[in-house]
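Heads up, the thing below is written out as structure tokens.
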There are 2 protein chains.
Amino acid sequence: MSHSTDQTPERPTGHAVPTSADVARLAGVSRATVSYVLNNTSAVRISEPTRRRVREAAEELGYVPHAAARSLRAGHSRMVLLPSAHIPVGPLYSQFFNDLQWELRRLDYTVVQYGSVGLKPDEAARAWAELRPVAVVSLGEVELTEQAVELLKRSGARAVITLGTQQVPGTHSLAMDQGRIGEVATAHLIESGRRRIGVVVPEEPGLGMFSRPRLEGARRAAESAGTGAAAGATVVPLPLRYDEESADELAGRWRELGLDAVFAYNDEYAMLLMRALQDAGISVPEETAVVGADDLLLGRLLRPRLSTVHIDMVLGRELAELVDQAVRDADTPPRSRRLLDSRVVRRESS
Amino acid sequence: MSHSTDQTPERPTGHAVPTSADVARLAGVSRATVSYVLNNTSAVRISEPTRRRVREAAEELGYVPHAAARSLRAGHSRMVLLPSAHIPVGPLYSQFFNDLQWELRRLDYTVVQYGSVGLKPDEAARAWAELRPVAVVSLGEVELTEQAVELLKRSGARAVITLGTQQVPGTHSLAMDQGRIGEVATAHLIESGRRRIGVVVPEEPGLGMFSRPRLEGARRAAESAGTGAAAGATVVPLPLRYDEESADELAGRWRELGLDAVFAYNDEYAMLLMRALQDAGISVPEETAVVGADDLLLGRLLRPRLSTVHIDMVLGRELAELVDQAVRDADTPPRSRRLLDSRVVRRESS
DNA sequence: TTGAAAGCGCTACCAA
DNA sequence: TTGGTAGCGCTTTCAA
């Protein structure tokens, strides 16, 4: 059954997946030669006719090398694993993600996203480790514990890179510095003379890794303002779900809160809240200033036009090179780099 | 170097990745026994003390099985590959994607997204084939040619499933029926008495797989209306970039176009265009009705509130089961199923 | 210039 | 109940 029956030596439509041995047989050479030819091994010279025969045989059989077998033999792979959890994120992030994958592929890595939603950190790490990736790059969607990192390294990962704020030992931790976003937004509001500043904290699960640092950043801005001429700024966290009901409820008790400004986490929450405020008779920006983040096109369509924080994402290329470097020299000291910069785009809502 | 030096027989922090042989050695059993225990092989009975020793040894070493070795030995993997190209898509899609991954994992598949942006169809197929996935599920981000499918099948993929409109031979093609979206939107506009209907076609690359069928659907609706009492509806494609300039330009020549309604591809394009129309002095819905799609929350915040097409995405679960079935029985006839249904949500802009 | 063969980590068959 | 071992597909050293 598993031996060829000699009835039909070549069954192009047969169900067996062609191996390099099949190619060798068809080309009338050894498996070694096939390997040399197909990998352009420079250490060895193969005659041109042989090369052609091998290539034609491979082509004819539709031969595709078996990545698992190859990396098993090699003792390592060039797979970079990106845990993904599909949190709702903007086009910015999406673009960055794309770039990163593209650049990593240029550097000859196989990039694979591993959907890890709903997995506990060590379950996830174990699942990743089974694939023996040479590097894991977590953009922060998934929590990475110290044990998880340890496990990955023990399974041969030469670099574990985090972009979240979490500073995990053994990780190359690149600060994406979400906090900076809250900081510039709040500083801007304070400069404009606002003092009681609400900060929207989405209640949606999975957004905590973004919202927490943004809130912290806002607090930092308020504190540092306290030492200057513009003293006494306070920050009030405002839990909010992404639906009209929640926004209306919040707007309904707005006057009790006594806020004169709000940083709304991002443009979408900002748009939602701004509408609710306006419907509740609170004028923007006179009574309350509103600032979002992400600089979405849609924010410009509102009246008043939404002020926002524009985020300059790092080039995927930079990160890709950093990954490559970390892989090549696993013991390089974790160089922390700032991966995004933020600036306020003041429009009409603040 | 590669042999153990007998100096430190057990280096827990050593750089070598522990194998099942290491576990066996530490537990004082054979590799076979390790395999039996760790896989709960039911065909074989192992004494409880042995089991415990093995498990403890594995735990102590931080042993994680090597997926490549396993699937090489098994002759097949349970990897489902989802080509991803990160086109900007809504929360709906995102949710669906998440569900699908979750459900597939419940069925014991390893789900992996392979970022294939910028790859030509056969390059992509080759790259996927190297991983020897048992199934490939393309949600339509990447074009799948007949040769690509052929190659995948020859490399052992037991199911290739497409959700796009492309009907590729050898594929289990599930109609996501984007056309239906354009159809219901246009039918709604015609019923409301509109006759000259613009259909926005985004100029952004990569959206063609969505926009083309939507336009076709709109045309179908117009044609079928032509036979009834409400005859003479026409459809006019409107290329549009997702930026204010392009929208203003289009709005500027709106009156020349003589349109009394527009289906704007989705809610984001609809919001962009509606704002431009209003700024150009064209009243919505009186002079021109506007309908989007996706039923985004933000559309409800506009004035007038945006009419839209609500899309009921199929459960990821259904698709996951279909994948599983296709894998179990690769020769099952390609059952085409409707994977989404659409209905108009009429608000104020139409 | 080409071939034979070892061995990567794992599982499953067969023997003890 | 446990161990020995073949072999999955591939690359690479060593010989011829």
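Residue numbers start from 1 in every chain, and the chains themselves are labelled A, B, ... in the order their sequence lines are given, proteins ahead of strands.
Atom pair Leu72(A):CG and dA6(C):P shows a separation of 17 Å (rounding to whole Å applied). Rounded to an integer number of Å, the gap from Arg51(B) CZ to dT1(D) P is 10 Å. The interatomic distance linking Ile46(B) (CD1) with dA12(C) (P) rounds to 13 Å, in whole Å.
Contact check on Asp122(A) versus Arg126(A) returns no salt bridge, with no Lys/Arg side-chain nitrogen under 4.0 Å from an Asp/Glu carboxylate oxygen. Under the 4.0 Å criterion applied to side-chain N and carboxylate O atoms, Arg317(A) and Glu321(A) are assigned as salt-bridge partners.
Look at Tyr63(A) and you'll find a side-chain N or O under 4.0 angstrom from OP1 or OP2 of dC10(D). Under 4.0 angstrom from either OP1 or OP2 of dG4(D) there lies no side-chain N or O belonging to Ser30(B). Regarding contacts with the backbone of dT2(D), a side-chain N or O of Ser47(B) is found under 4.0 angstrom from either OP1 or OP2. At dT1(D), none of the side-chain N or O atoms of Thr33(B) fall inside 4.0 Å of OP1 or OP2 (strictly under the cut-off). Side-chain N/O atoms of Thr19(B) include none lying less than 4.0 angstrom from OP1 or OP2 on dG9(C).
Mapping Tyr36(B) and Val64(B) onto DNA chain C by nearest heavy atom places Val64(B) closer to the 5' end of the strand.
Using a 4.0 Å heavy-atom cutoff across all strands shown, Val29(B) reaches sugar-phosphate atoms only and no base atom.
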